Amino acid sequence: MKVLVPVKRVLDYNVKPRVKADGTGVDLANVKMSMNPFDEIAVEEAIRLKDKGVTEIVVVSIGEQKAQETLRTALAMGADRAILIVSEEKVEPLGVAKLLAKIVEEEKPDLVILGKQAIDDDNNQTGQMLAGLLGVGQATFASKVELASDSVTVTREVDGGSETEKLSLPAIITTDLRLNEPRYASLPNIMKAKSKPLAQKTPADYGVDVSPRLTTLKVVEPAKRTAGVKVADVDELVAKLKAMGVAK
Amino acid sequence: MKTLVWVEHDGKVVKDATLAVVTAASKLGDVHLLVAGSGVDAVAAEAAKIAGVGKVHVADDAAYAHALAENVAPLVVSLMGDHDAFLVPATSNGKNIAPRVAALLDVMQISDILSVESEDTFTRPIYAGNAIATVQTKDAKKVISVRGTAFEKAATSGGSGTIEAVASTGEKGLSTYVGSEIAKSERPELTSAKIIVSGGRALQNSENFHSIIEPLADKLGAGVGASRAAVDAGYVPNDYQVGQTGKIVAPEVYIAIGISGAIQHLAGMKDSKTIIAINKDEDAPIFQVADIGLVGDLFKIVPELTEKL
Ligand SMILES: Cc1cc2nc3c(=O)[nH]c(=O)nc-3n(C[C@H](O)[C@H](O)[C@H](O)COP(=O)(O)OP(=O)(O)OC[C@H]3O[C@@H](n4cnc5c(N)ncnc54)[C@H](O)[C@@H]3O)c2cc1C
Ligand SMILES: Nc1ncnc2c1ncn2[C@@H]1O[C@H](COP(=O)(O)O)[C@@H](O)[C@H]1O
């Protein structure tokens with residue numbers, strides 16, 4: 001069985017995003033970039049499925065040349081082969097989903113595992129869009145994946161608890177935080193990853209129009225909260241709560 | 001403009017999240033609703049009473065019983081010839097369905113909107129709410145998910161929508177609902193609670209969480225939330241998680257206990273009206289957003305607070 005895992009290069013989750021003074025976006029110059037955390041979980045899950053009949057893991061990223069680093073990280077974790085679709089312009093989830101649909105036609109994976117959301121634009125769309133374009137089943141926000149030969153059973157994190165669905169293959173899964181804990185790549189594996197195949201493509205190679213549908217007019221900082229007061233003890237806190245009408 | 005709002009329900013009643021979406025949709029144009037489910041007459045009747053609602057499209061079919069996106073998305077598409085915008089609440093079901101609809105319509109979804117600036121322009125949070133983007137869409141049809149805390153809830157009475165049955169688009173056979181485990185709780189739901197008491201990693205274990213956080217919540221009639229660390233460590237179930245990737249809440253009062261205030265956590269609660277933090281580390285980032293802070297050991301402070309209230 002083959003698994004396809006799309007991975008995105010994003011601002012590292014430990015870095016505090018800074019809005020550019022000219023209001024055009026968030027400053028990404030000279031800041032640490034990493035694989036989207038949900039995508040690390042997706043790569044990890046694919047690797048764990050290698051004991052369950054998965055024979056090949058292909059990772060793909062759409063983005064600037066530097067996304068090669070992200071793909072190498074995935075290869076070092078244990079993916080077998082990578083595809084980079086180079087676009088210096090930002091590609092929206094709809095465009096990403098269309099490119100992924102073409103790759104699926106070509107590669108015919110049994111499963112595509114994506115992150116539930118990229119933590120830069122927080123869109124939470126791509127997996128569902130890809131499933132729609134392909135006309136296959138989707139299980140979003142996965143916290144448990146059980147793979148059989150012709151189906152996959154997925155437990156999903158939903159409002160209020162969890163829900164289980166069974167999908168016939170091929171199917172699309174998006175990962176939630178508690179699906180697994182991604183491994184760190186070992187040094188020997190990082191070395192080995194350097195010689196794993198990484199193919200370079202462009203959106204034009206797939207005949208996909210990725211021109212954006214949305215225009216960002218401006219990006220601003222949210223209204224700032226200012227630190228309030230510190231109270232000395234519980235009595236003072238109780239007095240405050242009473243003054244607010246929260247307690248009687 | 002004619003809008004179509006997907007009504008979230010549990011088979012019996014309309015979920016609160018829908019009401020904020022109706023308000024957002026009313027800023028765009030006429031509001032029509034879609035009630036899809038199995039045996040949903042009561043839900044449709046309730047939906048028709050929401051203030052400002054026009055038509056209520058009702059699709060009653062077993063295929064829609066569990067809101068599977070594979071079945072619901074084609075239904076929505078079948079109605080979009082007559083509508084210009086499709087709106088859902090940014091809940092787990094809404095987020096599951098809407099992008100599939102967008103792809104079938106070949107449009108880009110606008111996720112988690114905070115405001116409607118004009119017919120084609122909206123604001124939305126990016127980078128865990130550390131930036132707010134104003135985006136304009138070129139697509140003729142709009143697919144939008146709405147952040148519930150950003151819009152007033154429409155009134156649940158006073159409306160006189162007309163109920164109209166629509167044809168089912170049928171079972172697509174791509175996925176099957178196996179079952180669910182939904183936690184039953186007497187407490188207010190996080191997304192609609194007026195007061196929330198939230199606990200973090202500092203609680204150390206599930207017993208402490210129950211014996212320290214819950215009595216305070218009970219005293220205040222509050223909902224109970226948690227940080228990711230507390231959820232990951234198994235103190236509480238996943239649906240307690242507040243944050244960028246958990247629930248977005250904006251209660252009157254949010255009490256963060258033993259939570260450090262990571263940006264991913266703040267993303268989910270920093271629009272609360274009043275934030276109260278209890279933490280033994282006076283430099284914890286949570287104090288930078290807290291209106292009222294109390295530095296000290298939660299194991300001493302919280303029982304005393306519960307006692308004195
Ligand atoms: C992709 C991604 C998404 C994420 N999404 C979320 C999310 O949605 N929600 C979320 O919450 N997190 C999220 N996180 C995790 C987040 O980065 C933090 O790790 C998490 O919020 C920390 O939880 P915490 O504050 O409970 O724990 P800690 O950071 O460990 O803080 C514990 C706090 O308790 C205090 N403390 C300890 N003992 C006591 C005591 N006896 N009395 C009083 N105070 C005490 C400490 O001083 C400390 O400040 C996400 C992370 C990633 C990578
Ligand atoms: N440019 C991209 N390249 C590769 N994968 C992507 C890209 N954008 C999004 N994805 C995948 O889609 C998931 C959801 O992203 P989004 O819909 O943008 O929130 C991510 O976790 C990735 O798995």
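Hydrogens, waters and symmetry mates play no part in the numbers below; they use all other heavy atoms, side chains included. Keep in mind that what you see is a predicted model, and the values were worked out from it rather than measured.
Contacts between B:I182 and chain A at a heavy-atom distance below 4.5 Å involve backbone atoms as well as side-chain atoms. If you measure heavy-atom distances from B:E189 to chain A, you find no contacts under 4.5 Å at all. Using a 4.5 Å cut-off between heavy atoms, A:Q125 touches chain B through backbone and side chain atoms alike. B:I110 touches chain A through backbone and side chain together, each having a heavy atom under 4.5 Å away. Contact annotation for A:T226: only backbone heavy atoms (N, CA, C, O) come within less than 4.5 Å of a heavy atom of chain B. When heavy atoms are compared at a cutoff of 4.5 Å, B:L220 approaches chain A solely by way of its side chain, counted from C-beta outward. Interface residue B:I275: backbone and side-chain heavy atoms are both found under 4.5 Å from chain A. Residue A:K166 touches chain B through both its backbone and its side chain, counting heavy-atom pairs closer than 4.5 Å. For B:V289, the parts lying near chain A are the backbone and the side chain together; criterion is any non-hydrogen pair under 4.5 Å. Only the backbone of B:A290 comes within contact range of chain A, with heavy atoms under 4.5 Å apart. Residue A:L130 does not touch chain B at all, counting heavy-atom pairs closer than 4.5 Å. Within the 4.5 angstrom heavy-atom criterion, only side-chain atoms of A:V26, from C-beta onward, approach chain B. Interface remark: A:K224 contributes no atoms to any contact with chain B (heavy atom separation under 4.5 Å). For a residue to count as touching a neighbouring chain, one of its non-hydrogen atoms must lie under 4.5 Å from one of that chain's; by this rule B:I292 touches chain A with backbone and side chain alike. With a 4.5 Å cut-off on non-hydrogen atoms, A:Y13 touches chain B through its backbone and its side chain both. Heavy atoms closer than 4.5 Å to chain B are found nowhere in A:N14, neither backbone nor side chain. Looking at A:V15, the atoms closer than 4.5 Å to chain B (heavy atoms on both sides) all sit in the backbone: N, CA, C or O. Contact annotation for B:Q244: both backbone and side-chain heavy atoms come within less than 4.5 Å of a heavy atom of chain A. Interface remark: A:R18 contributes no atoms to any contact with chain B (heavy atom separation under 4.5 Å). With a 4.5 angstrom heavy-atom cutoff, B:I263 touches chain A only via side-chain atoms.
At a threshold of 4.5 Å between non-hydrogen side-chain atoms, the residues B:L294 and A:V234 count as touching. The side-chain heavy atoms of B:K194 and A:V246, taken from C-beta on, include no pair separated by under 4.5 Å. Using a 4.5 Å heavy-atom cutoff, the side chains of A:E92 and B:Q109 are not in contact. A:P222 places a side-chain heavy atom less than 4.5 Å from the side chain of B:K270. Side-chain contact between B:D232 and A:R178 is present, with at least one heavy-atom pair separated by less than 4.5 Å. Here the side chains of A:I119 and B:Y127 are not in contact, with every heavy-atom distance at 4.5 Å or above. For the pair B:K273 and A:M244, the minimum side-chain heavy-atom distance is 4.5 Å or more. Using a 4.5 Å cut-off on side-chain heavy atoms (C-beta onward), A:D159 and B:T191 make no contact.
Between chain A and the options B:T137, B:L104, B:T245, heavy-atom pairs under 4.5 Å are most frequent for B:T245. Contact tally against chain B (heavy-atom pairs below 4.5 Å) for A:G25, A:A131, A:A232, A:G95: the top residue is A:A131. Interface check for chain A: of the options B:V135, B:T121, B:N130, B:V107, the most heavy-atom pairs under 4.5 Å are formed by B:N130. Among B:P99, B:A103, B:G129, the residue with the largest count of heavy-atom pairs under 4.5 Å with chain A is B:P99. Of the listed residues (B:A102, B:A222, B:A128, B:S145), the one with the most heavy-atom contacts under 4.5 Å to chain A is B:A128. Annotation: maximal heavy-atom pairing with chain A below 4.5 Å, among B:A131, B:G179, B:G246, B:P74, occurs at B:G179. Ranking A:V220, A:L167, A:L241, A:V19 against chain B, the residue ahead of the rest is A:V220, based on heavy-atom pairs under 4.5 Å. Across A:A139, A:A247, A:P17, the residue that shares the most heavy-atom pairs under 4.5 angstrom with chain B is A:P17. For the options B:E304, B:K247, B:E252, B:K219, heavy-atom pairs under 4.5 Å to chain A are most numerous at B:E304.
Across B:K138 and A:P212, no two heavy atoms sit closer than the pair NZ-O, 3.8 Å. When all heavy atoms are compared, the tightest approach of A:R225 to B:T274 is NH2-CA, 4.1 Å. Closest approach of A:S168 and B:G173 over heavy atoms only: OG-O, 4.2 Å. In plain terms, the two heavy atoms of A:E165 and B:Y177 that are nearest each other are CG-CA, 4.4 Å.
From A:R156, atom CZ reaches atom OG of B:S92 across 7.0 Å, with rounding to the nearest 0.5 Å. Distance CG/A:D176 to CD/B:Q241: 7.5 Å, rounded to 0.5 Å. In this structure, CG on B:L309 lies 7.5 Å from CG on A:L237, to the nearest 0.5 angstrom.
No option in A:V219, A:D120, A:T216 other than A:V219 meets the side-chain contact (heavy atoms from CB on, under 4.5 Å) test with B:I126.
A:Q138 contributes a side-chain N or O that, together with a main-chain N or O of B:N96, makes up a donor-acceptor pair within less than 3.5 Å. Under the 3.5 Å distance criterion, the side-chain polar atoms of B:S111 are matched with a main-chain donor or acceptor of A:N123. Side-chain N or O atoms of A:Q128 include one that pairs as donor or acceptor with a backbone N or O of B:K95 at under 3.5 Å.
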Intermediate values then yes/no, side-chain contact (heavy atoms from CB on, under 4.5 Å), B:D112 and A:D122: CA-CA 9 Å; B:D112 217 15; A:D122 285 331; over 6 Å; no
Hey, mind stepping through B:L305 and A:V238 against side-chain contact (heavy atoms from CB on, under 4.5 Å) and telling me if it holds? CA-CA 7 Å; B:L305 176 62; A:V238 170; 3.6 Å; yes
Please determine whether side-chain contact (heavy atoms from CB on, under 4.5 Å) holds for the pair A:D235 and B:K308, giving the CA-CA distance in whole Å, both sets of side-chain angles, and the decisive distance to 0.1 Å. CA-CA 8 Å; A:D235 290 332; B:K308 287 186 171 159; 2.9 Å; yes
Run the side-chain contact (heavy atoms from CB on, under 4.5 Å) test on A:L177 and B:V231 for me, step by step, so that the C-alpha distance in whole Å, both residues' side-chain angles and the decisive distance to 0.1 Å come before the verdict. CA-CA 10 Å; A:L177 289 171; B:V231 173; over 6 Å; no
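Atom CD of B:E181 has 12 or fewer neighbouring heavy atoms from other residues, nucleotides or ligands inside a 6.0 Å radius. Residue A:K2 places its NZ atom among more than 12 non-hydrogen atoms of other residues, nucleotides or ligands, all under 6.0 Å distant. Taking a 6.0 Å sphere around CD of A:E88, one finds it holds more than 12 heavy atoms contributed by other residues, nucleotides or ligands. At most 12 heavy atoms of other shown residues, nucleotides or ligands fall within 6.0 angstrom of atom NZ in A:K242.
Ion pairing between A:R213 and B:D106 holds under the 4.0 Å rule for side-chain N and carboxylate O. A salt bridge between B:R124 and A:D121 is absent, with no side-chain N of the basic residue lying under 4.0 Å from a carboxylate O of the acidic one.
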